[in-house]
Amino acid sequence: MNDIAVAGVLILTLFLILGSGVWIGLTLSGVAWIAMELFSSRSAGDAMAVTIWGSASSWTLTALPLFVWMGEILFRTRLSQDMFKGLAPWMQALPGRLLHTNVVGCAIFAAVSGSSAATCATIGKMTLPELKKRGYPDDMVIGTLAGAGTLGLLIPPSIIMIVYGVSADVSIARLFIAGVLPGILLALLFSGYIAIWALRHPDKIPPADRKMSFLQKLNESRSLIPVALLIISVLGSIYAGIATATEAAAVGVVGALIISAAQGSLSWHSFKEALLGATRLYCMMALILAGAAFLTLSMGYIGLPRHLAEWIGSLGLSKFQLIAMLAVFYIVLGCFLDGISMVVLTMGVIMPTVTAAGIDPIWFGIFVVLVVEMAQITPPVGFNLFVLQGMTGRDLLYIARVTLPMFILMIASVLIIYFVPGIVTWLPQHMTM
């Protein structure tokens with residue numbers, strides 16, 4: 001069989017098994033098994049055992065459950081309530097006023113969570129009722145929250161960056177630091193859009209709350225100081241070369257436990273729920289990563305990645321055309337798969353092509369995170385859309401429509417980092433390792 005026929009058989013098998021309701025991790029392993037048994041001379045059994053064990057026992061992957069656990073601990077604290085109280089006084093003078101709490105709140109929580117869905121849910125729990133009560137328009141509240149919730153993937157620590165780092169064999173610490181400036185850029189684009197919209201529709205923005213002095217604002221924000229210190233300690237230790245991503249994750253867990261205890265929200269029940277929540281989420285991810293590792297190995301034996309890279313190379317695409325093609329590919333793929341599955345499914349095939357084109361793998365990692373973020377707000381499988389549908393009771397298509405401006409801003413951010421790659425690469429180049 002030629003390569004196109006082989007790829008067609010495997011893709012059809014993948015969607016048939018997924019459609020039957022089998023877990024994604026087991027589906028990937030099943031497709032890999034079929035590929036090796038039918039299209040290669042290597043025995044699938046021992047290859048599967050060695051590959052899955054190697055993937056599951058990776059020390060690099062240790063950072064993943066720790067960062068997930070840190071986010072779960074903070075999710076159960078009073079952080080969401082304290083955040084709105086602390087941020088609101090500083091937003092009153094900006095065009096759009098409290099709508100900016102969606103963006104700034106998501107950016108802060110993203111720096112301690114790593115999950116887009118958790119960021120969207122936590123900040124939504126805080127801002128949706130408050131902004132509705134104050135009379136802010138629903139379409140802007142929901143749209144900006146859906147878009148800003150995706151910052152959970154870009155601002156480190158990011159679960160998807162760890163998955164990419166393991167799949168593409170790239171430094172997770174460098175990826176984390178590379179995500180800082182693009183994350184700030186995207187947050188500024190979101191806030192800029194809110195400000196422009198507010199200036200064009202001043203009648204739709206409620207009047208400001210009572211004025212506060214600078215000292216009163218500081219007093220309202222004092223509850224955010226522990227979280228700010230936690231963010232600085234985690235990211236600062238990585239950037240300064242004091243700690244690896246895994247060691248920084250351990251520091252983050254200890255810091256989250258201390259914050260939770262100081263707030264009085266740490267009990268045996270909340271500790272157990274956070275630990276079980278992190279375990280469930282990590283086990284799902286680990287199974288997907290293990291299945292993807294086996295699939296990558298089987299693809300290597302068949303030779304599909306090499307042949308695909310040669311085919312793309314024969315097209316004579318420029319670097320911009322290649323990036324544009326991959327962006328469209330990931331956006332379409334995001335209509336059917338979640339972000340983690342997209343990354344682990346494609347890295348084994350895409351990375352040889354990216355490397356051959358001379359694209360920096362750190363830069364490409366941030367690019368992938370940005371286009372995966374777009375998938376989070378793309379129906380029908382947009383996780384943030386589902387989260388907001390459950391929280392607001394609104395129709396999925398309505399939420400997707402009001403989120404469209406955020407989607408366009410994400411496309412703009414991809415173009416910006418393409419033409420100004422230093423936004424991604426400058427900080428990693430100046431890290432102390």
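Numbers here simply count residues along the sequence, with the first being 1. What you see is a predicted model; the values in this text were computed from it and never measured.
Separation of atoms CG (L94) and CD1 (I194) is listed at 9.5 Å; rounding is to 0.5 Å. For the atom pair I399 CD1 and D395 CG, the distance stands at 7.5 Å (nearest 0.5 Å). Atoms CG and CG, from L186 and L153 in turn, are 10.5 Å apart once rounded to the nearest 0.5 Å.
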Apply side chain to side chain contact (heavy atoms under 4.5 Å, CB included) to T101 and E130, showing your working. CA-CA 10 Å; T101 56; E130 288 289 341; over 6 Å; no

List the steps and the verdict of side chain to side chain contact (heavy atoms under 4.5 Å, CB included) for D360 and V424. CA-CA 10 Å; D360 184 343; V424 175; over 6 Å; no

Take V354 and L326 through the test side chain to side chain contact (heavy atoms under 4.5 Å, CB included) and record every step on the way to the result. CA-CA 10 Å; V354 169; L326 289 174; 4.2 Å; yes

Please walk me through it: do I331 and F407 pass side chain to side chain contact (heavy atoms under 4.5 Å, CB included)? CA-CA 11 Å; I331 290 169; F407 184 86; 4.1 Å; yes

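At most 12 non-hydrogen atoms from other residues, nucleotides or ligands lie less than 6.0 angstrom from CG of D169.
Under the ring pair (Phe, Tyr, Trp, His ring centres under 6.0 Å) criterion, the residue pairs touching residues 169-192 are F67-F176, with sequence neighbours excluded. Sorted by first and then second residue, the salt bridge (Lys or Arg N to Asp or Glu O under 4.0 Å) pairs with a member in residues 136-156 read K132-D138, D138-R394; sequence neighbours excluded. Residue pairs meeting the side-chain hydrogen bond (donor to acceptor under 3.5 Å, both in side chains) criterion with at least one partner in residues 325-335, sequence neighbours excluded, are Y330-T346.
What you find for R222 and P226 is that their closest heavy atoms are O-CD, 3.8 Å. Between G183 and I155, the shortest heavy-atom distance links the atoms CA-CG1, 3.8 Å. When all heavy atoms are compared, the tightest approach of L189 to S413 is CD1-CB, 3.9 Å. The nearest pair of heavy atoms linking P95 to H100 is O-NE2, 2.7 Å. Minimum heavy-atom separation, I366 to P182: CG2-CG, 3.9 Å. Minimum interatomic distance between I259 and L230 (heavy atoms only, all atoms of both residues): CD1-CD2, 4.0 Å.
Legend: residues meeting ring pair (Phe, Tyr, Trp, His ring centres under 6.0 Å) with W363, ordered by chain and number and at least two apart, are F367. Qualifying side chain to side chain donor-acceptor pair (under 3.5 Å) partners for R401, counting only residues two or more places apart in sequence or in other chains: none.
Residues L224 and L87 have side chains in contact (heavy-atom distance under 4.5 Å, counting atoms from C-beta outward). Counting heavy atoms from C-beta outward, M91 and R97 have side chains that stay 4.5 Å or more apart. Two residues are said to be in side-chain contact when any heavy atoms from C-beta on lie closer than 4.5 Å; L185 and I417 meet this criterion. The shortest side-chain heavy-atom distance between Q321 and M325 does not fall under the 4.5 Å cut-off. Residues L145 and C106 meet the side-chain proximity criterion, which asks for heavy atoms closer than 4.5 Å. When side chains are defined from C-beta on, L66 does not count as touching Y282, because their heavy atoms never get closer than 4.5 Å. Under the 4.5 Å side-chain criterion, counting only non-hydrogen atoms from C-beta, T403 is not in contact with L388. F271 places a side-chain heavy atom less than 4.5 Å from the side chain of L257.
Between the side chain of S191 and the backbone N or O of L188 there is no donor-acceptor pair closer than 3.5 Å. Without hydrogens or angle criteria, Y418 side chain to F320 main chain gives a donor-acceptor distance under 3.5 Å. Within the 3.5 Å criterion, the main-chain N or O of V141 finds a donor-acceptor partner in the side chain of N102. Between the S221 side chain and the L218 main chain, no donor and acceptor come within less than 3.5 Å of each other. Formation of a donor-acceptor pair under 3.5 Å by the S233 side chain with backbone atoms of L229 is found in this model. Without hydrogens or angle criteria, Y193 side chain to L409 main chain gives no donor-acceptor distance under 3.5 Å. Side chain of S270 to backbone of S265: a donor-acceptor contact under 3.5 angstrom is found.
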Give every donor-acceptor pair under 3.5 Å between a side-chain atom in residues 196-207 and any protein atom, sequence neighbours left out.
unit_1	atom_1	unit_2	atom_2	d
W197	NE1	H201	ND1	3.4
H201	ND1	W197	O	3.0

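Using bins of under 30°, 30° to 60° and over 60° for the plane-to-plane angle, the ring pair Y164/F364 lands in the tilted bin.
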